[in-house]
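Proteins come first, then strands; the chains are lettered A, B, ... in the order of their sequence lines, and each starts at number 1.
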Amino acid sequence: KAGVTQTPRYLIKTRGQQVTLSCSPISGHRSVSWYQQTPGQGLQFLFEYFSETQRNKGNFPGRFSGRQFSNSRSEMNVSTLELGDSALYLCASSLAGARNTEAFFGQGTRLTVV
Amino acid sequence: AQSVAQPEDQVNVAEGNPLTVKCTYSVSGNPYLFWYVQYPNRGLQFLLKYITGDNLVKGSYGFEAEFNKSQTSFHLKKPSALVSDSALYFCAVRGVNTGTASKLTFGTGTRLQVTL
């Protein structure tokens with residue numbers, strides 16, 4: 001069974017640009033969450049989607065947005081990139097988003113903003 | 001609000017010795033607790049979880065964790081460490097009674113270094 005797939009693995013963008021990251025969950029999983037990992041702030045929750053609806057959102061500015069498609073694949077978008085957005089962005093999927101189920105993570109997209 | 005504390009930035013242990021990586025949590029109501037491991041330039045890999053029942057939970061690669069409700073702790077253990085266990089370990093909590101919120105709250109991570 002294929003795991004969570006994130007594309008691209010690496011990205012270099014310039015300040016002010018926008019970026020779109022993609023996540024394909026494990027087959028059959030309907031919940032997709034996004035996390036940002038930085039050395040200073042650690043792992044921080046961005047948002048969660050379930051059945052194409054945003055179910056939960058972390059404390060990030062409106063420049064960070066996401067969506068989920070009918071096949072459960074998800075994208076996140078960051079507009080007007082800032083240097084501080086440089087991070088590893090991790091996507092996680094779970095079967096139905098129930099709180100007692102573990103989330104399975106992709107390998108992440110390493111975003112560097114210059 | 002829920003939170004996790006991992007008091008040690010790094011744990012050093014010799015191969016073959018037992019290891020413990022500490023985790024304490026704070027959450028309203030009963031917790032769901034998880035341990036993940038991260039190798040360099042990789043995502044997080046699930047190790048084990050505590051949902052309910054037996055306080056000693058067994059997981060992947062010989063790891064286990066002990067849930068202690070009175071001390072609000074969920075320490076990760078392994079009887080005999082391997083060099084290949086060297087990685088970054090994260091403890092995470094998710095509240096049972098937090099409405100529809102399903103986000104995981106992670107600790108800051110503990111780097112485990114196992115030496116020969």
Side-chain angles (χ1 to χ4, degrees), chain A residues 3-7 9-10 21 23-26 29-51 53-60 66 87-112, chain B residues 1-7 9-10 23 25 27-53 57 59-60 63 65 67 74 87-111:
Chain A
V4 178
T5 303
Q6 292 188 245
T7 56
R9 288 291 312 278
Y10 302 93
L21 312 183
C23 172
S24 293
I26 293 171
H29 284 195
R30 295 167 61 194
S31 170
V32 173
S33 299
W34 289 87
Y35 293 82
Q36 181 197 63
Q37 185 177 23
T38 59
Q41 299 297 317
L43 280 154
Q44 292 188 286
F45 172 78
L46 280 157
F47 26 64
E48 183 208 2
Y49 287 88
F50 182 79
S51 294
T53 300
Q54 187 179 86
R55 194 159 70 168
N56 199 2
K57 191 177 192 307
N59 294 325
F60 279 81
L88 181 67
Y89 289 88
L90 293 165
C91 168
S93 77
S94 59
L95 191 58
R99 287 191 286 274
N100 63 352
T101 58
E102 59 271 31
F104 294 90
F105 285 78
Q107 294 192 63
T109 294
R110 172 77 60 185
L111 171 65
T112 302
Chain B
Q2 55 197 39
S3 65
V4 174
Q6 292 182 244
D9 289 337
Q10 181 156 327
C23 170
Y25 67 90
V27 69
S28 296
N30 294 320
Y32 293 137
L33 294 157
F34 304 82
W35 275 102
Y36 285 85
V37 60
Q38 186 177 34
Y39 296 96
N41 298 314
R42 302 295 295 273
L44 274 65
Q45 184 175 333
F46 170 73
L47 279 178
L48 50 78
K49 68 179 178 183
Y50 172 81
I51 302 301
T52 187
V57 178
S60 307
F63 284 94
F67 172 67
F74 188 55
L88 189 57
Y89 290 80
F90 290 94
C91 180
V93 69
R94 183 186 279 150
V96 172
N97 301 315
T98 51
T100 59
S102 58
K103 70 172 186 176
L104 285 167
T105 297
F106 286 89
T108 51
T110 298
R111 187 164 301 282

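- Ranked by heavy-atom pairs under 4.5 Å with chain B, the first of A:Ala103, A:Gly108, A:Gly42 is A:Ala103.
- Interface remark: B:Tyr50 contributes no atoms to any contact with chain A (heavy atom separation under 4.5 Å).
- A:Tyr35 and B:Leu104 make their closest contact through OH-N, 3.1 Å (heavy atoms, listed as atom of the first residue, atom of the second, distance).
- Neither the backbone nor the side chain of A:Ala92 comes within less than 4.5 Å of any heavy atom of chain B.
- The minimum heavy-atom distance linking A:Glu102 with B:Phe34 is given by the pair CA-CE2, 3.7 Å.
- The two atoms that bring B:Asn41 and A:Arg110 nearest to each other are OD1-NH2, 4.2 Å, heavy atoms only.
- Note: A:Gln44 CD to B:Lys103 NZ = 9.0 Å, rounded to the nearest 0.5 Å.
- Considering CG of A:Leu90 and OH of B:Tyr36, their distance stands at 11.0 Å, rounded to 0.5 Å.
- Neither the backbone nor the side chain of A:Gln41 has a heavy atom closer than 4.5 Å to any heavy atom of chain B.
- Looking at B:Gln38 and A:Leu88, their side chains come closer than 4.5 Å, going by heavy atoms from C-beta outward.
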